[in-house]
Amino acid sequence: MSTYTEHDFFEDVVEQGYKYGFVTDTPSAKAPKGLSEDTVRYISAQKEEPGWLLEYRLKALAHFFKLLDEGKEPSWAHLNVPAIDYQDAYYFAAPGDRVKYDSIDDVPQEILDDFEKLGIPLREQAALAGVAVDAVMDSVSVATTFKEELAKDGIIFCSFSEAVQNHPELVRANMGKVVPYTDNLYAALNAAVFSDGSFCYIPKGVRCPMELSTYFRINEANTGQFERTLIVCEEGGYVSYMEGCTAPMREEYQLHAATVEIIAHDDAEVKYSTVQNWYPGSAEGKGGVYNFVTKRALCSGRNSKVTWTQLETGSAITWKYPSCILKGDGSVGEFYSVAFTKDYQQADTGTKMIHLGKNTRSTIISKGISAGHSNNSYRGLVKVNPKAENARNFSQCDSLLIGDQCGAHTFPYIEILNHTAQVEHEATTSKVGEDQMFYCQARGISEQDALNLIVNGYAKEILAKLPMEFAVEAQKLLSVQLEGSVG
Amino acid sequence: MIDLEKQPGFLTNATDALAGAFSGDGAPDPFHDLRQSARQSFEGKGLPTTKDEAWKYTDLRAALKADYQPADPSATVSDETIQQARIPGLDAALAVVVNGAFDAERSDLSGLPERITVGGLREQVQRDPAGVRDTFGRHVDLDRDAFAALNSAFSLDGLYLSVPRGVAVERPIEVVHIVTASGPTFVQGRNLIVVGEAAQATVIETFAVEGTGSGEPAETFRNDLTEIVCGAAGVVRHVRVQDEGPDAHGVSLVQTYQERDSDVSTLTFTFSTGTVRNNTVMVPAGEGGQSTLGGLYICRGGQHVDTNTLVDHVAPGCQSNELFKGIVYDQGTGVFNGKVFVQREAQQTNAYQQSQGVVLSPEARHYSKPELEIYADDVKCSHGSTTGAIEPEHIFYLRSRGVSEADARAMLLYAFAHDVVEMVSMEPLRDHLDAMIAERLK
Amino acid sequence: MSLLSIQNLHASVEDHEILKGLSLDVNAGEVHAIMGPNGSGKSTLASVLAGRDDYDISQGSVTFQGEDLLEMDPEERTREGLFLAFQYPVELPGVSTHQFLRTAVNSVREHRQLDELSVSDFLKLMKEKAEFVNLDPKLTQRSVNEGFSGGEKKRAEIFQMAMLDPQLAILDETDSGLDIDALRVVSEGINKLRNEDRAFVLITHYQRLLNFIVPDRVHVLVGGRIVRSGGPELAEELEAKGYDWLLDEAGVSA
């Protein structure tokens, strides 16, 4: 962070608003509008998928319709979700008219240009050093960098579609094992129409030498994005994985229902970081992305460890609970989150830590920041099952309020079924201190800069857990979001 | 939801029986509309099930299975039973409620200031219907709570206390609720406590079941509701002690409503019971109010105690302080679900909530759901919740000082529980609670 | 023209008048001490000058370098060269002292049409000023005031003053809560920063600070007004006789 000064930082911040709101002008091949078996068959055919996967999709679709008929849209969240017309959307859009790109040379220049504009250069000579990127636009993975280099260590990092073609046995053995399509309505929808996403396999004993990352971009109007990511880390492996996302500014909402599954075997460690910056809708609350995401890790091996770190600043509505099932004895789950909402954004986010194995440990640190007319909720479950001897959990949930029209809420669920557990939960809610603001101003710092300093200070503990490449970006993003939140 | 039509046995019968018992006595029925709407509300909602978010951890089906009959309001109990249910050494006025009916003969309300009105709620309704109607049921949200609706539809007796402006009732009033029956019995109690501006009152409720015939206490299901309305700068101290035995189930609601600068505290101590759900709703509705709520539950055997609280901050500048502690042994289950709600207008709210559970055996369960829902920005709110075993390090420390493991454990648990007793101001009641804790921890 | 000129200042908080016609002139290079019993309005004066907005100014004026100070936002006052050392410095969890001061210093420099400092120049400045006021450099590597002892906070305030290089520094009870050693260190820092251009207003309850920092003028604030002014000898008189005789004279009960 030494090359990047605070001043650059605030300069960047001055560039107001959502700077990722542009649209890439490229033709797009789309599935017919609406959701049906035909849509699913179309997607599966486009991707030349094997029969078993089509079957899986169709079963999931049937389950989705069943849940929908029974009115089983999740309703417990502290969210006001407008009715979604699932027939009035596209479920597959291939940018540049192609369903897959075998080489970077096939990718239309305007797509490459726009990814570059988003800070993601895809040509390897220009690519970010030390970070391998899978770039996904709408329903298609456009390019994956450093694939060959990673393959030397036996690491598989490619688009999900490619993995289905090249590593079907690995996909089939692991997909849906952590998040079955029966899990919830959005998981069923994703399983039926998932388009692309990343697949990552770390073989036994391999520490992945670079950060892996996927950048998701929704481009087409009226199109949902349904990516699916699967990370399998074998015994003793290690990987740090990052996910970023943006979308153009559009008047109408866009649906994003993703599924992420992580499996960590004995002594494996996976760090999963997200900077979520989907278009949040206009200041008046029009449009924006509905971000309904199911992310879950299975710490299946002894002493395995999964860390979720997230900065959530975007989306009109966020419904997201990256979770850990701590099955292996001695496994560790961590969740670090900063969720910022402003204007009319709504977020209901948190985690589930399910302790099944002995001596399992989990840590939850969640920092919510609410401004404008937004509502920001932490919802988290800590469950210690009867056999989870000596489980430990520590949770801390803080909420910061900016302005008097927003809401900050904390809904922890603590279920202790074993008497050797130690579970601690703390939460606080307070406003940005007037005395803190005044102190900064008395040192010549403007109100806006003062707010930036204080909020970034508040979130620092979490942002510092992001990989370096993301930390500065995250801090910047938070400050951009804070613009105009004073008073 | 449990369908009333399909509900085997008692509630369908009970509702009719209760309707007969309480509206057929020739008294004026100024509450007809309220009761009617409460009944409709109850029948519309039905009984809650674990699918309701607020009842996620408490399944009432087993507790409701017996063939309950409405309690006989004309029953009497022995002096011995009454004495046993009292707090030893406490100098207090006595109100006796038998099978949900106020028993004027057994009560002793002497030694209280003359200007207050104290006695049976039912009698008061007949004497001054308009006066009671001003406050009765006004602050209870029937739509939120099926049991409160059930209580409002069919119950109308218990303690009535009205303290006029400026009067401090220094002598505590002890309300002894006793059920006497030979078979499974359903009983409802209703108290209304109205404390005027700058007035003060202390009410302690205890609960007991007297066996008849063979001497074994009957299985009971209580549904109680206590309303406390406190005027500006008024002070109310309210304590409930539940210890009726493992066959006593029930649901209760303590609903408080406070005007500005008032100070209300309500505490619940739960010792031996069956499946019990205790709801507390506090509404500090005027600026500068102070609300304190707390409780202790020690569950043994298959006992299930569910504590559900809501502090609804609607006015600015109020303070709430909440402390609940639970100790769970055997196959017991403790539940704490506490919500602090701060409305947009309630700036400068200071809300503090703490819940702690100790789980002492492999089959014991503890569920905790402390919630903050906050819409004002200039607030300080926090909650803390810990659940777990006794810290082995603490036990080790005491043992290394020569204390036996059993004594160390008892000492630490006693200290843990005693924290809640500290919230009680009356010395004899504190002593009594400490003694009960010591007994229960054995 | 005086650096700071306060004329007939009336200030109230929630309809309670605290300053009742205070007048004071401070010239460049001067050190003024304002003393007074608790509740006399000392901290209110500091707060009003620094621009805390809890106060209503019903009458009077304050000019700083000829400009209307009361019209300026707090940050503007600082950028113009006013500095308040807080009685209770505020903790900013997670905000690094480095980041905080860099933002502050560059905001002030921008206002004075100076180039912004590069990172290396800024670090050099920090190091230099920390040494100058005898501040443990470790403190500059921590979050602003977070977990500092009372003495460390006061020293950090003097360090910040050195960084921001003000024309006029107001020290609000900087001596309170300090033991004699800490008081000596803080006073040394202040004395080092005294020069012909810079003025100081020391607000204090006790005379002992003035053993270390010899003021040019001493004013006694009672009941929201300056009731007596004099040289350093006035402070000694107060130390010997207490405030009561002045309270009696001013017709205010203690």
Side-chain angles (χ1 to χ4, degrees), chain A residues 1-14 336 338 365 367 369 396 398-400 428 430-465 471-472 474-476 478-479 482 486-487, chain C residues 46-47 49-54 72-86 88-112 115-120 122-123 143-146 153 157 160-161 163-166 170 172:
Chain A
M1 280 166 82
S2 56
T3 52
Y4 187 79
T5 70
E6 283 77 31
H7 190 72
D8 299 335
F9 174 69
F10 291 125
E11 286 283 287
D12 282 340
V13 166
V14 172
Y336 303 111
V338 172
I365 299 179
K367 306 239 177 192
I369 303 158
Q396 185 192 327
D398 296 328
S399 303
L400 193 64
T428 62
S430 57
K431 68 183 278 190
V432 170
E434 264 170 39
D435 52 345
Q436 294 182 335
M437 291 290 288
F438 181 72
Y439 188 69
C440 291
Q441 287 176 267
R443 296 295 172 259
I445 298 169
S446 71
E447 230 178 324
Q448 184 67 56
D449 286 356
L451 187 65
N452 269 333
L453 279 171
I454 293 166
V455 172
N456 269 299
Y458 166 82
K460 195 181 206 168
E461 183 188 351
I462 306 298
L463 299 186
K465 296 193 186 291
V472 172
Q475 204 185 14
K476 221 192 295 183
L478 194 54
S479 297
L482 277 168
V486 167
Chain C
S47 294
L49 291 179
R52 222 186 259 282
D53 64 3
D54 307 334
M72 299 180 204
D73 287 337
E75 61 268 34
E76 246 182 295
R77 299 177 193 211
T78 305
R79 292 170 191 178
E80 287 287 339
L82 187 109
F83 181 92
L84 172 68
F86 280 54
Y88 304 110
V90 177
E91 299 192 9
L92 302 177
V95 179
S96 74
T97 300
H98 172 252
Q99 188 177 11
F100 171 74
L101 277 178
R102 219 170 107 68
T103 309
V105 166
N106 281 332
S107 299
V108 170
R109 288 181 67 90
E110 189 184 350
H111 185 77
R112 296 179 188 168
D115 283 342
E116 119 178 1
L117 287 180
S118 70
V119 176
S120 61
F122 176 77
L123 289 173
S143 293
V144 180
N145 294 325
E146 198 187 9
K153 281 183 183 168
E157 290 291 282
Q160 288 186 23
M161 174 171 38
M163 290 294 292
L164 292 178
D165 191 25
I170 300 160
D172 187 8

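Throughout, a chain's letter reflects where its sequence line sits, starting with A, and its residues are numbered from 1. What you see is a predicted model; the values in this text were computed from it and never measured. Values below: every heavy atom of this structure, side chains too, minus hydrogens, waters and symmetry copies.
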Chemist: Has the side chain of Ser107(C) got a donor or acceptor atom that lies under 3.5 Å from a matching backbone atom of Ile445(A)?
Modeler: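 Looks like no, no N/O pair under 3.5 Å.
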Chemist: Would you say the side chain of Gln436(A) lies within less than 4.5 Å of the side chain of Leu92(C), judging by non-hydrogen atoms?
Modeler: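 Answer yes - side chains close enough.
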Chemist: Measure Tyr88(C) against the heavy atoms of chain A and call it side chain, backbone, both or neither at under 4.5 Å.
Modeler: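 For Tyr88(C), no heavy atom lies under 4.5 Å from chain A.
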Chemist: Below 4.0 angstrom, N of the basic side chain to O of the carboxylate: do Glu157(C) and Arg443(A) qualify?
Modeler: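 Yes, this pair counts.
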Chemist: Report yes if the side chains of Met437(A) and Pro74(C) come closer than 4.5 Å at any heavy-atom pair, otherwise no.
Modeler: no
Chemist: If I measure from the heavy atoms of chain A, does Arg52(C) come under 4.5 Å with its side chain, its backbone, both, or neither?
Modeler: both
Chemist: For a 4.5 angstrom cut-off between non-hydrogen side-chain atoms, does Gln99(C) reach Leu453(A)?
Modeler: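 Yes, their side chains come closer than 4.5 Å.
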Chemist: How far does CG of Asp53(C) sit from CD of Glu434(A), to the nearest 0.5 angstrom?
Modeler: 7.0 Å
Chemist: Taking Leu82(C), Leu84(C), Asp73(C), Val144(C) one by one, which has the highest count of heavy-atom pairs under 4.5 Å against chain A?
Modeler: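 Top count of heavy-atom pairs under 4.5 Å with chain A: Leu84(C).
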Chemist: Checking heavy atoms, do the side chain of Glu80(C), its backbone, both or neither come under 4.5 Å from chain A?
Modeler: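 Contact with chain A is absent: no heavy atom of Glu80(C) under 4.5 Å.
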Chemist: For the pair Phe86(C) and Tyr439(A), name the ring-plane relationship: parallel under 30°, tilted 30 to 60°, perpendicular over 60°.
Modeler: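 Aromatic pair Phe86(C)/Tyr439(A) classed perpendicular.
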Chemist: Quick one: what part of Pro166(C) sits under 4.5 Å from any heavy atom of chain A, side chain, backbone, both or neither?
Modeler: neither
Chemist: Using 0.5 Å steps for rounding, measure from the OG atom of Ser446(A) to the CZ atom of Arg79(C).
Modeler: 6.0 Å
Chemist: Under 4.5 Å between any side-chain heavy atoms of Lys460(A) and Ser96(C), yes or no?
Modeler: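 A side-chain contact exists here, since the closest heavy-atom pair is under 4.5 Å.
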Chemist: List the atom of Val95(C), the atom of Ile454(A), and the distance in Å for their closest heavy-atom pair.
Modeler: CG2-CA, 4.0 Å
